[in-house]
Amino acid sequence: MIEHTKVTDEYDNIIEIKVWSVRKSPDKPHGYKYSLVYIANNKRTIGYDNAEQKGDHRHYEAIEEPYSFSSLRKLADDFFDDIETYKRKHYES
């Protein structure tokens, strides 16, 4: 495993990041398996992962859509941008 981080934010929500280096394959052409999740009110509200046979994809509340992976840095940036957007919508309005 390259990275495993689990923290609680200022709203007692969980941010968990897991990244593994894996052999490149058709469903993991970049050589990484990853799971980034934001759990708010005991529900996954944001997630980025590349689960078996599903490829790279993103969850934002009830929406699941493909995600265009380009780098680990961009993945983390997109994940944290979504968290900030979620917080503004649900906690700061």
Side-chain angles (χ1 to χ4, degrees):
M1 182 172 287
I2 294 174
E3 173 78 25
H4 182 212
T5 302
K6 186 174 182 180
V7 297
T8 303
D9 72 6
E10 68 274 26
Y11 301 106
D12 288 328
N13 297 325
I14 296 169
I15 299 168
E16 186 168 21
I17 298 171
K18 298 178 190 174
V19 180
W20 298 263
S21 179
V22 297
R23 179 174 290 159
K24 290 183 180 183
S25 65
D27 68 331
K28 295 180 182 49
H30 38 67
Y32 298 107
K33 179 176 177 171
Y34 59 86
S35 172
L36 294 80
V37 65
Y38 184 63
I39 300 171
N41 302 312
N42 297 312
K43 292 187 337 186
R44 177 188 62 192
T45 56
I46 300 167
Y48 285 74
D49 68 280
N50 57 349
E52 302 305 320
Q53 309 303 319
K54 290 187 88 174
D56 301 300
H57 62 282
R58 167 187 180 257
H59 305 264
Y60 191 95
E61 297 189 73
I63 299 168
E64 180 179 331
E65 61 191 3
Y67 175 72
S68 181
F69 180 93
S70 61
S71 70
L72 291 176
R73 170 55 47 206
K74 178 74 168 126
L75 174 68
D77 288 347
D78 291 344
F79 176 63
F80 284 106
D81 286 348
D82 279 353
I83 290 173
E84 290 308 312
T85 299
Y86 180 88
K87 287 179 184 181
R88 281 192 302 274
K89 178 179 175 185
H90 294 278
Y91 299 108
E92 299 170 11
S93 52

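Numbers here simply count residues along the sequence, with the first being 1. The structure displayed is predicted, hence computed values, not measured ones.
The shortest side-chain heavy-atom distance between R23 and K28 does not fall under the 4.5 Å cut-off. In this structure, the side chains of K87 and D9 come closer than 4.5 Å at one or more pairs of heavy atoms. Contact check for L75 versus Y48: side-chain heavy atoms found under the 4.5 Å cut-off.
Taking the six-membered ring for Trp and thresholds of 30 and 60 degrees, Y32 and F69 have ring planes inclined between 30 and 60 degrees apart.
H30 contributes atom NE2, which lies 8.5 Å from atom OG of S25 (distance to the nearest 0.5 angstrom). Note that the CZ atom of F79 and the OH atom of Y34 stand 12.0 Å from one another [nearest 0.5 Å]. In this structure, D82 CG and D77 CG are separated by 11.0 Å, a value rounded to the nearest 0.5 Å. Here the straight-line distance linking atom CG of D12 with atom CD of E10 works out to 9.5 Å at 0.5 Å rounding.
Linking ILVMFWY side-chain heavy atoms closer than 4.5 Å, directly or via other members, places I17 and I14 in two distinct hydrophobic clusters. Linking ILVMFWY side-chain heavy atoms closer than 4.5 Å, directly or via other members, places Y38 and V7 in a single hydrophobic cluster. Each of V37 and I15 belongs to its own hydrophobic cluster when Ile, Leu, Val, Met, Phe, Trp and Tyr are linked at side-chain heavy-atom distances under 4.5 angstrom. F80 and Y11 fall within a single hydrophobic cluster, where Ile, Leu, Val, Met, Phe, Trp and Tyr are joined by side-chain heavy atoms under 4.5 Å apart, directly or via other members. In this structure, Y60 is not a member of the same hydrophobic cluster as I39, with clusters built from ILVMFWY side-chain heavy atoms closer than 4.5 Å.
Here the closest heavy-atom approach between residue R44 and residue G47 is recorded as CD-CA, 4.3 Å. L36 and A76 make their closest contact through CD2-CA, 4.4 Å (heavy atoms, listed as atom of the first residue, atom of the second, distance).
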CA sep, side-chain torsions, deciding dist, call: R58, D78, side chain to side chain contact (heavy atoms under 4.5 Å, CB included)
CA-CA 10 Å; R58 167 187 180 257; D78 291 344; over 6 Å; no

When you look at H59 and D49, which way does the side chain to side chain contact (heavy atoms under 4.5 Å, CB included) test go after all the steps?
CA-CA 9 Å; H59 305 264; D49 68 280; 3.2 Å; yes

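Side-chain contact annotation: H57 with N50, donor-acceptor N/O pair under 3.5 Å absent. Residues N13 and Y91 bring a donor and an acceptor atom of their side chains to less than 3.5 Å of each other.
No donor-acceptor pair closer than 3.5 Å links the side chain of S35 to the backbone N or O of K18.
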